[in-house]
Participant: 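The following block contains the structure, expressed as structure tokens.
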Amino acid sequence: MRVLVTGGAGFIGSHVVRTLRAHGHEPVVYDVRADPGSDVRNPAAVSGALAGVDAVCHQAAMVGLGTGFRDAPDYVSHNDLGTAVLLTAMAESGVRRLVLAGSMVVYGEGRYECVRHGVVRPGPRAVADLDAGRFEPPCPVCGAQLSPGLVGEDAPVDPRNVYATTKLTQEHLAAAWARATGGSAVSLRYHNVYGPGMPRDTPYAGVASFFRSALARGEAPRVFEDGRQRRDFVHVRDVAAANLAALEASSREGALTAYNTGSGEPHTVGEMAEALAAAHGGPAPVVTGEYRLGDVRHITADSSRLRAELGWKPEIGFAEGMREFTRTH
């Protein structure tokens with residue numbers, strides 16, 4: 001299979017390229033880092049790149065929480081306009097298979113249950129609560145403490161920042177393309193991806209990269225809130241394998257199917273910082289109590305649909321992955 005990989009020179013995209021090549025496919029890298037003309041917002045360039053292509057693995061995006069709402073035009077341009085241009089070119093060229101790099105951020109907060117009111121959807125956390133160190137979202141009905149759980153693909157979507165909104169819009173565009181063309185689209189809703197090649201020292205880098213950079217400078221990782229916020233840290237090679245599985249599997253024509261893509265082993269941010277510090281030989285993390293508006297408290301995946309329908313399963317455990325991550329750049 002000849003596969004156009006947008007963002008193929010980036011963190012996740014480069015691993016997808018290597019995985020495809022290792023399994024006998026022909027990846028075609030389309031990335032502004034490799035060629036300034038390879039911008040998914042460039043209709044002529046995208047149309048040319050699709051020649052002879054059987055499928056598209058769309059990894060190109062502006063990622064991360066960002067530095068404020070002033071980033072909104074850039075996010076919308078790169079993520080949503082770029083996806084619209086790509087899908088239009090695919091519709092015109094007859095390419096009918098798409099795997100999209102989705103994100104768990106479309107859910108907003110994860111799944112919560114109240115002992116009195118069952119499954120509830122807490123709203124955004126109040127600044128006054130965060131300033132006072134009250135980081136857990138309360139039940140929106142009675143204010144009681146909630147128990148976090150795993151969120152499934154059928155959960156309501158509730159994007160809480162600009163980046164999350166653009167990732168959901170990408171899915172809507174892909175679903176519209178699939179209905180209009182009879183194509184098949186899969187969105188892999190990545191959880192917290194880490195591993196070799198992860199960007200570092202930028203406002204958009206992941207927390208694992210920030211912690212590793214601090215340790216490399218001999219500084220303690222600075223853990224926001226109380227360090228007990230739950231995430232699902234999934235290794236980039238497992239994510240690349242999920243892309244391979246999605247490309248090779250039969251999928252529904254005329255529709256988009258979403259799959260949570262996580263390790264299935266929730267860990268706290270504090271646990272991740274401790275694991276990295278231990279693997280590096282210190283110093284120990286420092287819990288700061290600071291916070292970022294727009295961050296959610298807990299978001300962890302139920303990835304059983306991906307395992308059941310596509311036969312994928314993660315191969316790299318948390319401890320092993322963190323040890324490797326401290327040694328790579």
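Keep in mind it's a predicted model, so treat the numbers as computed, not measured.
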Participant: Using distance alone, with no hydrogens and no angle criterion, decide if Ser263 and Asp232 have a side-chain donor and acceptor under 3.5 Å apart.
Facilitator: yes
Participant: Under the side-chain contact (heavy atoms from CB on, under 4.5 Å) rule, collect the residues that match up with Ala72, sequence neighbours excluded.
Facilitator: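 Phe69, Val162.
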Participant: Can you list every salt bridge (charged side-chain N to carboxylate O under 4.0 Å, His left out) pair that touches residues 300-309, not counting sequence neighbours?
Facilitator: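 Sorted pair list: Glu153-Arg305, Asp154-Arg305.
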Participant: Quick one: hydrophobic cluster around Leu150, which other residues, with the 4.5 Å side-chain cut-off, linked directly or via members?
Facilitator: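 Answer for Leu150: none, a lone residue.
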Participant: Does any N or O in the side chain of Gln145 come within less than 3.5 Å of the main-chain N or O of Pro138, such that one atom is a donor and the other an acceptor?
Facilitator: no
Participant: Just by distance, with hydrogens left out, do Gln229 and Asp295 show a side-chain donor and acceptor under 3.5 Å apart?
Facilitator: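 Asp295 and Gln229 do not have a side-chain donor-acceptor pair below 3.5 Å.
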Participant: In the structure I gave you, are the side-chain heavy atoms of Met90 and Leu86 within less than 4.5 Å of one another anywhere?
Facilitator: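 The answer is yes, as the side chains (C-beta and beyond) meet within the 4.5 Å cut-off.
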Participant: Strictly distance-based, threshold 3.5 Å: is any side-chain N or O of Ser209 a donor or acceptor partner for the main-chain N or O of Pro199?
Facilitator: yes
Participant: Which value, rounded to the nearest 0.5 Å, describes the distance between Asp238 atom CG and His15 atom NE2?
Facilitator: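 Rounded to the nearest 0.5 Å, the CG-NE2 separation comes out at 11.0 Å.
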Participant: Check this for me: does any side-chain nitrogen of one of Arg134 and Asp226 sit under 4.0 Å from a carboxylate oxygen of the other?
Facilitator: no
Participant: Apply the side chain to side chain contact (heavy atoms under 4.5 Å, CB included) test between Val85 and each candidate in Thr88, Thr83, Leu87, Leu81; give the one that qualifies.
Facilitator: Leu81
Participant: Quick one: which residue pairs count as a ring pair (Phe, Tyr, Trp, His ring centres under 6.0 Å) with a foot in residues 171-195, not counting sequence neighbours?
Facilitator: Tyr194-His235, Tyr194-Phe325
Participant: Would a distance-only check, ignoring hydrogens and angles, find a side-chain to backbone donor-acceptor pair under 3.5 Å from Arg160 to Leu293?
Facilitator: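 Side chain of Arg160 to backbone of Leu293, a donor-acceptor pair under 3.5 Å: no, none is there.
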Participant: Got Arg231 and Thr268 here, is their nearest side-chain heavy-atom distance under 4.5 Å?
Facilitator: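 No, side chains not in contact.
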Participant: May I have all residue pairs that pass salt bridge (charged side-chain N to carboxylate O under 4.0 Å, His left out) and include part of residues 11-28, sequence neighbours excluded?
Facilitator: Arg2-Glu26
Participant: Output yes when a side-chain donor or acceptor of Trp312 lies under 3.5 Å from a complementary backbone atom of Leu244, and no otherwise.
Facilitator: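 Side chain of Trp312 to backbone of Leu244: no pair is present.
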Participant: Remaining members of Val120's ILVMFWY cluster at a side-chain heavy-atom cut-off under 4.5 Å?
Facilitator: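 When side chains under 4.5 Å apart are linked, the cluster holding Val120 also contains Tyr112, Leu146.
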Participant: Give the minimum heavy-atom separation between Cys114 and Ala144, together with the two atoms involved.
Facilitator: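 Shortest heavy-atom contact: SG-CB, 4.4 Å.
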Participant: Sorted by first residue and then second, give each ring pair (Phe, Tyr, Trp, His ring centres under 6.0 Å) pair with at least one member in residues 243-274; sequence neighbours left out.
Facilitator: His267-Phe318
Participant: Return yes if some donor-acceptor pair links the side-chain N/O of Arg97 with the main-chain N/O of Leu247 below 3.5 Å, else return no.
Facilitator: yes
Participant: Residues in side-chain hydrogen bond (donor to acceptor under 3.5 Å, both in side chains) with Arg125, at least two apart?
Facilitator: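 side-chain hydrogen bond (donor to acceptor under 3.5 Å, both in side chains) list for Arg125, sorted by chain: Glu225.
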Participant: For Arg228, is there an ion pair with Glu136 - N to carboxylate O distance below 4.0 angstrom?
Facilitator: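 Salt bridge absent between Glu136 and Arg228.
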Participant: Quick one: salt bridge (charged side-chain N to carboxylate O under 4.0 Å, His left out) pairs with a partner in residues 273-285, sequence neighbours left out?
Facilitator: none
Participant: Not counting sequence neighbours, list each pair that qualifies as a side chain to side chain donor-acceptor pair (under 3.5 Å) and has a residue in residues 3-14.
Facilitator: Thr6-His58
Participant: Holding to salt bridge (Lys or Arg N to Asp or Glu O under 4.0 Å), I want the full list of residues that pass it with Glu320, two or more places apart in sequence or in another chain.
Facilitator: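 Glu320 satisfies salt bridge (Lys or Arg N to Asp or Glu O under 4.0 Å) with no other residue.
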Participant: One thing to verify: whether Lys313 and Glu315 come together as a salt bridge, which I'm taking to mean a side-chain N less than 4.0 angstrom from a carboxylate O.
Facilitator: yes
Participant: Give every residue pair that meets the salt bridge (charged side-chain N to carboxylate O under 4.0 Å, His left out) criterion with at least one member in residues 31-46, sequence neighbours excluded.
Facilitator: Asp31-Arg33, Asp39-Arg41
Participant: Cut-off 3.5 Å, side chains only: do Tyr75 and Asn161 have a donor facing an acceptor?
Facilitator: no
Participant: When you measure from the side chain of Ser187 to the backbone N and O of Arg189, does any donor-acceptor pair fall under 3.5 Å?
Facilitator: no
